[in-house]
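Report on the structure given below.
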Amino acid sequence: MDKFIITGGIPLKGEISVAGAKNVALKILVASLLTDEEMVVRNVPLIRDVDLMLDVLSVLGVKCLRENHTIRVTHNHIHNAKVPLDVAARLRTSSMVLGPLLARYGEATTPNPGGCRLGARPIDRHINALKEMGADIQYHSDDGYFYAKAKELHGAAIRFPKNTHTGTETLLLAAVLARGRTILENAAEEVEIDDLIACLTQMGANIRRTAPRTIVIEGVQTLHGTEYSIMADRNEEVTFAIAGVVTGGDVIVKNSSRHNLGAFLDAYRHAGGAFEEIDATTTRYVRDGQLKATNIVTAPYPGFMTDWQAPWAVLMTQTRGTSTIHETVFESRFSYVSELKKMGADVEFFDPKVKSPEVFYNFNWADRVPGYHQGIIIHGPTTLHNAVLEIDDLRAGATLVLAALSAPGESVIHGVEQVDRGYEKIEERLRALGARIQRIKEE
Ligand code: EPU
């Protein structure tokens, strides 16, 4: 349990490089279960979620060697198809091993990964789709495990009832080695999925996106090892861009991927944020005059990503006027609001009017816990002040770091391990921009 001590109000200036995408690294490590041959994965971020995924692979019997940002998956001889509860409880994506284990070994036992802090987060869409491919999956509520078996996975025409990012990936990981053709309709379009598809294709898989939301997979007999370098993390870039602007600084982001940030850059431009395209992979983010309040609604790709709304809220506290954030993907992603209020932010909840919430929202509306709100209203500008803060989830954690960097005085942030899940050595990298941020080890 570590905490950050941040002395804010200092404009961040200099260069920072975006690390590899967490939400690709985790899936490519799962994809290594699909082959007996060596996999070399490059540009892997040094983050806690990757460590946890290596733990999952290790209990299954997979050997991984890590050298800085490269992971070599060397000996892929599964001796166990059961993911223990203690590992799974800490890593939601652990359930994605269902696809490869069923396809190759005909069985898998993984705990229900739900119950994390963004709402219920069930995996019903994953499970139902795998059943359509011939898997027999029983959920035992007494121990919280899914017991999955399949003599053989076969291709199927599957239509997801709603968007699911990791659900689409789980099905890809099952279908690449299944017998025959699988068609995924209403499949998610996130660019991280296309990076996984590119890696699977290099491994010998036959996958085509035949329409934006349709993926066709022709199952193959075996896949081989490959060497793959994963894409840059677009959530990191948004975090660093906002860090530059809310501190009144001038941040040059290397390894930038503007082409993956369309909805963010549209909203950012609308809010009066300035950026300069230095070259194809370098972008400078600066503050250029008074910012203006801008409303956003989160959505699956190509919309404004749910992961960006929390850092966006800090930016909006610095704009003139009233802005709104409408979260439509997760039912509970505003844990940072109470903390921003401690810093003087003028934020209140509201319930956006929506015609058919059960259709409109990406989560299962019927299962929503009463009392959740899907919208916040922010009045600005406010000079935030220092506070003692508590982090509740990864993106909320990065958000509170941004808020503390912009607020004059010393803030204390507890629960830093949440930030470590997805950002590599964030304090060291921010310090290189002039930030005064220190990690204190807590017993
Ligand atoms: N949902 C269900 N049933 C399902 C699947 C999803 O009800 O079977 C609900 C979810 O509870 C959520 C919504 O549908 O309300 C969308 O879920 P989705 O499956 O698309 O999200 P995810 O796969 O759980 C991934 C990323 C998230 C990112 C979202 C949206 C990973 C490991 N996680 O989550 O990233 O916000 O897609 O793009 O890839 C993060 O990195 O901090 C993070 C939360």
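Start at 1 and go down the list; that is how both ligands and their atoms are numbered. One-based numbering along the sequence shown.
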### Query
If you measure every N/O of Leu394 against every N/O of ligand 1, is any gap under 3.5 Å?
no
#### Entry: salt_bridge(Asp420, Lys425) N-O dist < 4.0 Å
no
### Query
With backbone taken as N, CA, C and O and side chain as the heavy atoms from C-beta onward, which portion of Thr166 lies under 4.0 Å from ligand 1: side chain, backbone, both, or neither?
both
### Electrostatic pair Arg439:Asp2 at N-O distance under 4.0 angstrom
yes
### Query
Would you say Thr93 and ligand 1 have an N/O pair spaced under 3.5 Å apart?
no
### Task
Please determine if Asp307 has a nitrogen or oxygen closer than 3.5 Å to a nitrogen or oxygen of ligand 1.
yes
### Task
Would you mind running through ligand 1 and noting each atom that sits below 4.0 Å from a heavy atom of Lys22?
40 (C), 41 (O)
### Task
May I have the step-by-step check of salt bridge (Lys or Arg N to Asp or Glu O under 4.0 Å) for Glu417 and Arg48, ending in yes or no?
CA-CA 8 Å; Glu417 59 281 0; Arg48 206 162 68 96; over 6 Å; no
### Message
Show me the pairs that pass salt bridge (charged side-chain N to carboxylate O under 4.0 Å, His left out) and involve residues 157-181, at least two apart or across chains.
### Response
Lys27-Glu169, Glu152-Arg179, Arg159-Glu185, Arg181-Glu218
## Note on the structure
Sorted by chain and number, sequence neighbours left out, salt bridge (Lys or Arg N to Asp or Glu O under 4.0 Å) with Arg429 holds for Glu236
#### Entry: Per-residue contact class, Asn362 against ligand 1 - non-hydrogen pairs under 4.0 Å
both
### Message
Given Arg333, Glu327, Glu169, His126, identify the one with the heavy atom nearest to atom 44 (C) of ligand 1.
### Response
Arg333
### Task
Would you kindly specify which portion of Asp393 sits under 4.0 Å from ligand 1, judged on non-hydrogen atoms: side chain, backbone, both or neither?
neither
### Message
Side chain or backbone, does Leu26 bring an N or O within less than 3.5 Å of an N or O on ligand 1?
### Response
no
### Message
Determine whether His373 and Phe334 satisfy the following criterion, ring pair (Phe, Tyr, Trp, His ring centres under 6.0 Å), listing intermediate values before the conclusion.
### Response
CA-CA 8 Å; His373 301 280; Phe334 287 126; 8.7 Å; no
